[in-house]
There are 2 protein chains.
Amino acid sequence: MLDVRTLCLGVLHRGDSTGYEIKKMFEEGPFGHFLEASYGSIYPALTRLTEEGLLSFRDERQKGRPDKKVYTLTDRGRTRFKEALLGQPAEDKFRSEFLFFSLFAELLPPGHMARLIDRQLALIKDKARVIEDRQAHAKTDGARFVSGFGQALYHAAIEYLENNRTMLEQEDSVGQLQNAQ
Amino acid sequence: MLDVRTLCLGVLHRGDSTGYEIKKMFEEGPFGHFLEASYGSIYPALTRLTEEGLLSFRDERQKGRPDKKVYTLTDRGRTRFKEALLGQPAEDKFRSEFLFFSLFAELLPPGHMARLIDRQLALIKDKARVIEDRQAHAKTDGARFVSGFGQALYHAAIEYLENNRTMLEQEDSVGQLQNAQ
DNA sequence: GCTTCCATGTAATAGGTTACATGATTTG
DNA sequence: CAAATCATGTAACCTATTACATGGAAGC
């Protein structure tokens, strides 16, 4: 339901920004880990929103850096965004190829599943660290709520993986013994 | 990385199935809640996999029900699937418009956020119930691990929402007082 | 010297979703 | 009587990802 254009309106509601910075917000910023958007979708979105009169922009020159276009919400853009917030959010979607692989753990060569779990844990712990940083800087209750939610889920995932990984690893005890040397 | 065709190979690795049943497995079955596929992608995938010699099928007539095509993995299909499992799973993706709305809770009309949270809780509790059923019937360690993981995350989400919802609701105390009557 | 960061943008492609078409039967 | 279930399939559409193009500066 929320397309990239609406997401951009939301980002810009929190303050002026460039296309490049918007992308960063979906990677590590306040929108990180629960939404995504690529440059290939953000830049065209900003252009079209400007054509529709929902955004305006100013060019900013920088020393030693490329020029940037700083976008601002217009009054109409602000109104449009609030209208979008009156609709219902789409259901959450979670896609995990890791869990798919887990279902077929017994088909994998010895030790492979253990490596996948190690990688999975590393990825999640990394995200958990980023989000902890974010929570420290959160300015609004909304931002605190969202990063707190992320933390709660990540910690639950880490705990589960660490406590239950043997369920998937026991089949390849050979590989494990080798690793233990 | 895993396209619908590979997912179908995986489903059929656990036993013969029809396109219709495969879709159900992504809704409530063992693949539910962490992968998705629509009829519009499953049926063409099965056709193409058959053309490639990775699947075969038999027609089954039923009384009072439409005929169905029951697909089976061929040896080559089985091999191909195991090869696919040697690659790396893509990173997990989580998309939540609910969290996006939460970030802008203070822009919503009084009581609206409370309703969104109620709905969110209802949705998650529903999924948690489905998954508990599934765990009871899980035959393999992989299946138990996956449904256990789902349960752990859902319970963490429910707990967090119930314990922290006031962070988002306190702004519209008027709406809350009205609801309390 | 190589890689990464900053910064914007386009074009081709691929992939899947949505909607449509059909129809008998069971359930509410 | 209406709606949901079972069952397969097609076609139009859309959206977004990927890769490409460009280029200076700073860090390793």
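Given the structure is predicted, the values throughout are model-derived calculations rather than measurements. Sequence lines set the chain letters: A, B, ... in the order given, protein chains first and strands last, and positions in each chain run from 1.
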Atom pairs under 3.5 Å: protein N/O with N/O of nucleotides 12-16 of chain C:
{"residue": "C:dG16", "atom": "OP1", "partner": "B:V4", "partner atom": "N", "Å": "3.1"}

(request) For a ring-ring contact (aromatic ring centres under 6.0 Å, His included) with A:F26, tell me which candidate from A:F31, A:Y20, A:Y39 qualifies. (result)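 Exactly one option meets the ring-ring contact (aromatic ring centres under 6.0 Å, His included) with A:F26, and it is A:F31.
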
Provide, to the nearest angstrom, the distance between the [atom1] atom belonging to [X] and the [atom2] atom belonging to [N].
X	N	atom1	atom2	value
A:E28	C:dC6	CD	P	10 Å
A:L46	C:dG9	CG	P	8 Å
A:Y43	C:dC6	OH	P	11 Å
A:L55	C:dT8	CG	C1'	16 Å
A:E60	C:dC6	CD	C1'	14 Å
B:D67	C:dT25	CG	P	13 Å
A:E36	D:dT17	CD	P	7 Å
B:Y39	C:dT22	OH	C1'	15 Å

(request) Check whether any side-chain N or O of B:Q62 sits under 4.0 Å from OP1 or OP2 of D:dA7, and answer yes or no. (result)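 Yes, such a contact exists.
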
Could you pull out the closest heavy-atom pair between [X] and [Y], with the gap in Å?
X	Y	result
B:C8	B:I42	SG-CG2, 4.3 Å
A:Q120	B:D92	NE2-OD2, 3.0 Å
A:E36	A:L7	O-CD1, 4.4 Å

(request) Drop me the distance from A:L85's CG to B:F100's CZ, to the nearest 0.5 angstrom. (result) 6.5 Å

(request) Under 4.0 Å from any atom of DNA chain C, heavy atoms only: list the residues of residues 13-26 of chain A that qualify, in numerical order. (result)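 DNA chain C contact set from residues 13-26 of chain A: A:T18, A:G19, A:Y20.
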
(message) If you apply the rule salt bridge (charged side-chain N to carboxylate O under 4.0 Å, His left out), what do you find for B:R129 with B:D126, and how did you get there?
(response) CA-CA 5 Å; B:R129 254 192 311 107; B:D126 207 58; 2.4 Å; yes

(request) Before accepting this row, confirm whether a basic side-chain N of the pair B:E27/B:K24 lies closer than 4.0 Å to the acidic partner's carboxylate O. (result)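 A salt bridge links B:E27 with B:K24.
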
(request) Identify the residue among A:K127, A:R95, A:R119 that makes a salt bridge (charged side-chain N to carboxylate O under 4.0 Å, His left out) with B:E91. (result) A:K127

Polar atom pairs (N or O), protein with nucleotides 23-28 of chain D, under 3.5 Å:
none

(request) Output, in order, the C-alpha distance, side-chain angles, deciding distance and verdict of side chain to side chain contact (heavy atoms under 4.5 Å, CB included) for A:L9 and A:L55. (result) CA-CA 8 Å; A:L9 289 180; A:L55 300 182; 4.1 Å; yes

(message) Has A:S96 got a side-chain atom pairing as donor or acceptor with B:F34's backbone, closer than 3.5 angstrom?
(response)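 No; judged by distance alone, with no hydrogens or angles, the pair does not exist.
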
(request) Start with the C-alpha gap between B:M25 and B:R14, add the side-chain angles, then the distance that decides, and say whether side chain to side chain contact (heavy atoms under 4.5 Å, CB included) holds. (result) CA-CA 11 Å; B:M25 298 209 205; B:R14 311 182 89 239; 5.6 Å; no

